[in-house]
Amino acid sequence: METLYQAALLSLTPWAIGAVGLGTLIGIIFGSIPGLTFTVALALALPITFGMDTVPAIGLLLGTYIGGMTGGSVSAILLGIPGTPSAAATVMDGYPLTKQGRASIALGTAVIVSTLGGIFSLIVMMISVNLVSKVAIEFGPAEIFALVLFGMSTICGLSGSSMIKGLIAGTLGLMIMTVGIDEIDGVNRMTFGVVNMLQGVNLLVAMIGLFAIPFVIEVFARHARGEGEKNETRSLRVELPSLRLLGRNSWLITRCSAIGTVIGAIPGTGGAIAAFLAYDHARRFSKTPERFGRGAIEGVVAPKTANNAVTGGTLIPLLSLGIPGDPATAIVLAGLKIHGVTPGPSLFMNSESVVYGIYIAVVIAYVFILLIQLGGIRLFVYVLRIPQQLLAVIILVLCVIGAYTIRNSVFDIYTMAVVGVGAWVLLRVGIPTTPVILGMVLGPTLENEFRTAMSLSEGHWNIFYTSPVAMAFVGLAALVVVLQSFSELKLRRKAKFAEKSNA
């Protein structure tokens, strides 16, 4: 109790609270602008902490991390352009809700469930940090490969009316991420002799092109044809989600919080995998799965809850074992070590007050998220009142700036344009772009973990089928594919029967 009191004295000073609030605001801003992710914000915030005391410095970094994880939903819901890779799953139902004039409800729901998911994962971390970290560390390359393969199986559920088209899109995503120099063998892949392609296709650059450029092309095309502005948001009302809506989804929030916490605790996974798995889980267990992709509020609740539950999950191996789960937490780890805090089992014995200070900083960060984002909804939705032609120009300028600043590469701007035009063509022929993103997000992890597992087993496949965890995930992936195939066949038979009946 005395340790908690000391941690509260350190964490609840105006300087420490202000540092968390500043970090949260920076994270939300960077997370909501495509291309300027919270990882960039953390990299910029790290030098600022050099002259700060330990607790405010850690609070600034954690606030930036948590704010960025939440901020990606703003542009995803309002514009259909995810600010972060993990917000891509939110686009599928968040943007349709905006088109229906329910943007403020979608934004309010996103920030509230994000907070609930984050607090849930924090409680799990406080109660079972040692147990969960021991389970997570048992996941080797074979187990992570099987988990990611299970995540890839969600493509079947994101394919719309045709699983074949979804698989085509997912394969395209996997192919795009093979461009560049192979990280393991150093071999050039699909570069076609172009030097600039050696750097590969950056995920954020491709994501900006996939979501933003088709929107810009459509707006300009309608304007060139002299068509009126296609904007369903003129009747926009600013309202927050009701307690009844949140209560109706309370069990879904709990399940997706658990998914996000577990996925976050496994190093090498991250928010994108958790968000897509949670979205597929919500759709699969919904009584009305046909509403997903057309503006189902559950399609916002599930990915945003899991996405922010990852924040507490990633801190479990970070604090107990010193293992960062993603690039963002690697920067947080660097900040901890710079200030003399060495994560590991000894941290909970030698610096217990710092650990409690971290817990308090996470809670303060989510309080700031609620205040900033709920208070800012009235301002956010005014973006939708801007004429679409002007909005398209602004988006295009931001996309160019965002694509360039990721790696300071002009070639990335060309890459964004090519990927964007290709995405527009895919949409015109009825191929969904979401599986492309899923393939790009999961592809590198899938390949690297598979090759690492095969190297450890000296080329023997027994490393996969001798692991009960790996076999369980592979079996689940196969089950998802089979069930989705039967579901698609059933729908086609119903459609044919309806056609014959009408004839």
Side-chain angles (χ1 to χ4, degrees), residues 89 124 128 130-159 163 166-167 170-171 173-174 177-178 183-184 255-285 302 306 309-310 313-314 316-317 321 323 325-326 435 438-489:
V124 172
S128 58
N130 290 326
L131 175 63
V132 176
S133 62
K134 287 177 182 177
V135 173
I137 201 64
E138 293 298 322
F139 274 64
E143 288 77 15
I144 295 177
F145 166 79
L147 171 64
V148 176
L149 184 66
F150 173 58
M152 286 291 295
S153 69
T154 61
I155 285 177
C156 299
L158 304 175
S159 303
M163 192 169 72
L167 292 174
T171 303
L174 292 173
M177 291 312 291
T178 60
E183 295 181 359
I184 296 178
R255 299 197 314 267
C256 293
S257 296
I259 291 172
T261 303
V262 172
I263 296 298
I266 301 171
T269 52
I273 295 176
F276 278 106
L277 282 175
Y279 182 89
D280 184 69
H281 168 80
R283 187 194 62 80
R284 199 168 296 283
F285 287 92
V310 166
T314 55
I316 293 172
L321 301 171
I323 300 174
D326 53 32
L438 192 61
M440 295 178 65
V441 169
L442 303 185
T445 305
L446 190 75
E447 179 189 10
N448 291 337
E449 298 300 333
F450 174 78
R451 294 173 67 178
T452 303
M454 293 299 287
S455 296
L456 290 174
S457 65
E458 298 181 349
H460 296 295
W461 292 84
N462 60 355
I463 192 171
F464 297 106
Y465 58 77
T466 56
S467 167
V469 175
M471 287 301 296
F473 280 121
V474 171
L476 286 172
L479 181 63
V480 167
V481 174
V482 171
L483 290 176
Q484 188 64 31
S485 299
F486 278 117
S487 176
E488 186 172 330
L489 288 172

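On a predicted model such as this, the values are computed, not experimentally measured, just so you know.
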If you look only at distance, which donor and acceptor atoms sit under 3.5 Å apart when one is on a side chain in residues 453-464 and the other is two or more places apart or in another chain?
unit_1: S455; atom_1: OG; unit_2: R451; atom_2: O; d: 2.9
unit_1: S457; atom_1: OG; unit_2: A453; atom_2: O; d: 3.2
unit_1: S457; atom_1: OG; unit_2: M454; atom_2: O; d: 3.3
unit_1: S457; atom_1: OG; unit_2: H460; atom_2: N; d: 3.3
unit_1: S457; atom_1: OG; unit_2: H460; atom_2: O; d: 2.7

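For the pair L277/I273, a side-chain contact is recorded, criterion being any heavy-atom separation below 4.5 Å from C-beta on. Contact annotation: the side chain of I144 approaches that of T445 to within less than 4.5 Å [non-hydrogen atoms, C-beta and beyond].
Residues C256 and A278 share a closest heavy-atom pair of SG-CB, 3.9 Å. Of all the heavy atoms in L174 and G439, the pair that sits closest is CD2-O, 3.4 Å. Of all the heavy atoms in E143 and S467, the pair that sits closest is OE2-OG, 2.5 Å.
Remark: T452 engages no residue in a side-chain hydrogen bond (donor to acceptor under 3.5 Å, both in side chains) (not counting sequence neighbours). For Y465, the ring-ring contact (aromatic ring centres under 6.0 Å, His included) test picks out no residue, with sequence neighbours left out.
In this structure, I259 CD1 and Y279 OH are separated by 14.0 Å, a value rounded to the nearest 0.5 Å. Taken to the nearest 0.5 Å, the CD atom of E447 stands 11.0 Å off from the CZ atom of F145.
The main-chain N or O of P444 is found under 3.5 Å from a side-chain atom of N448 such that the two form a donor-acceptor pair.
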Evaluate the side chain to side chain contact (heavy atoms under 4.5 Å, CB included) criterion for residues F473 and L149: first the C-alpha distance (whole Å), next the side-chain angles of each, then the deciding distance (0.1 Å), finally the verdict. CA-CA 8 Å; F473 280 121; L149 184 66; over 6 Å; no

